[in-house]
Chemist: 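Shown below is the structure under consideration.
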Amino acid sequence: MMTHTKIFDQPIEEQIVFKQNLIRIAKNVSNDTINELLININWRNSLVGAWLAFVNNQSDLLNSIGELLLKGKAGTVGYCYALAKFHTVESSYYLLTYLERELYFEKFPNERFQDIALYALMYIDKQNKTEFANELLKPNGLWNKFVDYEFMTSFKLSNSNRWNNILDHYNDFEKMLEFINAVSESKIQ
């Protein structure tokens, strides 16, 4: 839905239309519909449910969203953004638990959405002045073991655009989160 659009880089007119449409949808969606979307087997529906929980600031769904993330339920990207929005200790716990499990591998790294979960955890750390992500990012931490694992004749995930340059990708994550957060705040007014 919104994770790869970089709507914040689009012309201001497009941003305004996007915000207005998102606010209209968020104001008219019921809690039951959001819950149904979150648990839907289709990842697109789950993603939309998580974004609507974010925009509607439904922190009461934090544990449900965290549990869905840990169960490997489709919609991981949306769950990560919602947990970052709520930025509680519980949010950090869910993201850290997900990352510790998903960054560990025995033979080959399995690319999922570890990058988005890391950016969400980094965002929460920044908001709460905590350091949960630092342990993962240490030179021998799980993140570096994951992205620097060498396979297929010297290929490393860290050589690809998606897995390198954490700070640039984090900045895009933060811009998107702040953009949607502004939508959420203007919905309230």
Side-chain angles (χ1 to χ4, degrees), residues 1-4 6 8 38 43 46-47 49-106 108-149 156-185:
M1 178 176 155
M2 296 178 274
T3 55
H4 302 293
K6 290 193 178 182
F8 52 83
L38 283 171
W43 67 267
S46 298
L47 181 65
W51 279 110
L52 289 170
F54 176 118
V55 173
N56 286 337
N57 200 24
Q58 289 186 262
S59 58
D60 57 306
L61 293 174
L62 184 145
N63 289 326
S64 297
I65 291 169
E67 290 300 320
L68 290 167
L69 175 70
L70 295 182
K71 288 178 183 173
K73 178 81 179 66
T76 301
V77 173
Y79 302 152
C80 291
Y81 272 95
L83 292 170
K85 158 77 171 178
F86 306 142
H87 64 272
T88 65
V89 173
E90 292 84 9
S91 298
S92 295
Y93 163 77
Y94 286 118
L95 290 162
L96 190 58
T97 302
Y98 171 83
L99 284 164
E100 287 173 342
R101 185 185 68 221
E102 295 299 327
L103 291 173
Y104 177 80
F105 62 95
E106 291 185 22
F108 299 104
N110 189 359
E111 297 177 60
R112 291 201 175 97
F113 297 101
Q114 297 94 329
D115 50 344
I116 304 297
L118 178 65
Y119 307 144
L121 188 58
M122 290 169 66
Y123 180 84
I124 294 170
D125 280 349
K126 183 177 176 181
Q127 298 304 306
N128 296 346
K129 296 177 178 38
T130 54
E131 297 184 3
F132 291 106
N134 286 351
E135 194 65 32
L136 300 169
L137 294 169
K138 287 182 177 178
N140 283 336
L142 284 174
W143 179 261
N144 288 313
K145 288 179 183 177
F146 181 80
V147 297
D148 286 335
Y149 177 77
K156 295 179 186 180
L157 292 175
S158 61
N159 293 338
S160 71
N161 183 46
R162 176 178 174 191
W163 298 101
N164 70 7
N165 206 349
I166 292 173
L167 291 180
D168 281 349
H169 295 297
Y170 168 77
N171 288 334
D172 284 345
F173 176 91
E174 186 176 44
K175 285 178 190 174
M176 187 64 185
L177 194 137
E178 296 299 334
F179 178 87
I180 302 302
N181 208 27
V183 172
S184 178
E185 290 171 8

Chemist: Kindly indicate whether the side chain of R162, heavy atoms from C-beta on, has any atom under 4.5 Å from the side chain of D115.
Modeler: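 Yes, their side chains come closer than 4.5 Å.
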Chemist: Return yes if a side-chain donor-acceptor contact under 3.5 Å exists between W163 and Q114, otherwise no.
Modeler: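 No, no side-chain donor-acceptor pair sits under 3.5 Å.
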Chemist: Measure the acute angle between the ring planes of Y123 and H87, then classify it against the limits of 30° and 60° as parallel, tilted or perpendicular.
Modeler: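 The arrangement is perpendicular - the two ring planes meet at more than 60°.
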Chemist: Is the shortest side-chain heavy-atom distance between L137 and L118 below 4.5 Å?
Modeler: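 A side-chain contact exists here, since the closest heavy-atom pair is under 4.5 Å.
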Chemist: Start with the C-alpha distance between H169 and N161, add both sets of side-chain angles, then the distance that settles side chain to side chain contact (heavy atoms under 4.5 Å, CB included), and finish with yes or no.
Modeler: CA-CA 9 Å; H169 295 297; N161 183 46; 4.0 Å; yes
Chemist: State, yes or no, whether a side-chain contact exists between P109 and K145 at a heavy-atom distance under 4.5 Å.
Modeler: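 Of all side-chain heavy-atom pairs linking K145 with P109, none is under 4.5 Å.
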Chemist: State whether E67 and K73 are salt-bridged, where the test is any N-O pair (Lys NZ or Arg NE/NH1/NH2 against Asp/Glu carboxylate O) under 4.0 Å.
Modeler: no
Chemist: For the ring pair Y81 and F173, is the centre-to-centre distance below 6.0 Å?
Modeler: yes
Chemist: I'd like to know if the side chain of S46 and the backbone of G75 have a donor-acceptor N/O pair within less than 3.5 Å.
Modeler: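 No; zero donor-acceptor contacts below 3.5 Å.
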Chemist: Let me see the working for S158 and D148 under side chain to side chain contact (heavy atoms under 4.5 Å, CB included), right down to the final yes or no.
Modeler: CA-CA 6 Å; S158 61; D148 286 335; 2.7 Å; yes
Chemist: Roughly how far, to the nearest 0.5 Å, is the CG atom of L99 from the CZ atom of F132?
Modeler: 12.5 Å
Chemist: Which heavy atom of L177 sits nearest a heavy atom of F54, and at what distance?
Modeler: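 Closest approach of L177 to F54, heavy atoms only: O-CZ, 3.6 Å.
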Chemist: Output the distance between atom CD (E90) and atom CD1 (I65), rounded to the nearest 0.5 Å.
Modeler: 13.0 Å
Chemist: Within a reach of under 6.0 Å around OH of Y93, are more than 12 heavy atoms found that belong to other residues, nucleotides or ligands?
Modeler: no
Chemist: Would a 4.5 Å heavy-atom cut-off, applied to side chains only, mark L47 and V77 as touching?
Modeler: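 Yes - at least one pair of side-chain heavy atoms lies under 4.5 Å apart.
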Chemist: Report yes or no: does T97 contribute a side-chain atom to a donor-acceptor pair with the main-chain N or O of Y94 at less than 3.5 Å?
Modeler: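 Not at all, since once roles are kept as given, no pair shorter than 3.5 Å links the two residues.
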Chemist: For side chain to side chain contact (heavy atoms under 4.5 Å, CB included), just list the numbers for Y119 and D172, CA-CA rounded to whole Å, side-chain angles, deciding distance to a tenth of an Å, and then say yes or no.
Modeler: CA-CA 9 Å; Y119 307 144; D172 284 345; over 6 Å; no
Chemist: Return the OH to SG distance between Y98 and C80, rounded to the nearest 0.5 Å.
Modeler: 6.0 Å
Chemist: For atom CD of E135, is the number of surrounding heavy atoms from other residues, nucleotides or ligands below 6.0 Å larger than 12?
Modeler: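 No, because the 6.0 Å sphere around CD of E135 holds 12 heavy atoms or fewer from other groups.
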Chemist: How close do R101 and G72 get, counting heavy atoms only, and between which atoms?
Modeler: NH2-N, 4.4 Å
Chemist: Classify the side-chain pair N144/K138 by whether it contains a donor and acceptor separated by less than 3.5 Å.
Modeler: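 Absent: no donor and acceptor within the cut-off.
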Chemist: Show the numbers, then the answer: is there a side chain to side chain contact (heavy atoms under 4.5 Å, CB included) between T88 and I124?
Modeler: CA-CA 7 Å; T88 65; I124 294 170; over 6 Å; no
Chemist: Give, for atom CG of L69 and atom OH of Y79, the distance between the pair rounded to the nearest 0.5 Å.
Modeler: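 The CG atom of L69 sits 8.5 Å away from the OH atom of Y79.
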Chemist: Check for a donor-acceptor pair, side chain of N171 on one end and backbone N or O of L167 on the other, with a separation under 3.5 Å.
Modeler: yes
Chemist: I want to check something: taking the side chain as every heavy atom from C-beta on, are W51 and I180 in contact at a cut-off of under 4.5 Å?
Modeler: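 Result yes, sub-4.5 Å side-chain heavy-atom pair found.
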Chemist: To the closest 0.5 Å, what do you measure between CG (L96) and CG (L136)?
Modeler: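 It comes to 5.5 Å.
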Chemist: Write down the atom of A50, the atom of A82, and the distance for their closest heavy-atom approach.
Modeler: O-CB, 3.9 Å
Chemist: Quick one: are I166 and M122 in side-chain contact, heavy atoms under 4.5 Å?
Modeler: yes
Chemist: If you measure from CD on E100 to CG on L142, what distance do you get to the nearest 0.5 Å?
Modeler: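 Output value for this atom pair is 7.0 Å.
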Chemist: Report yes if the side chains of N57 and F86 come closer than 4.5 Å at any heavy-atom pair, otherwise no.
Modeler: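 Sidechains of F86 and N57: in contact.
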Chemist: Could you tell me if the side chain of L38 sits less than 4.5 Å from the side chain of L68, heavy atoms only?
Modeler: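 In contact.
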Chemist: Just one of E131, E174, E178 clears the salt bridge (Lys or Arg N to Asp or Glu O under 4.0 Å) bar with K126, so which one?
Modeler: E174
Chemist: Does the side chain of T130 pick up a donor-acceptor pair with the side chain of D125 at under 3.5 Å?
Modeler: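 Judged by distance alone, the side chains do pair up.
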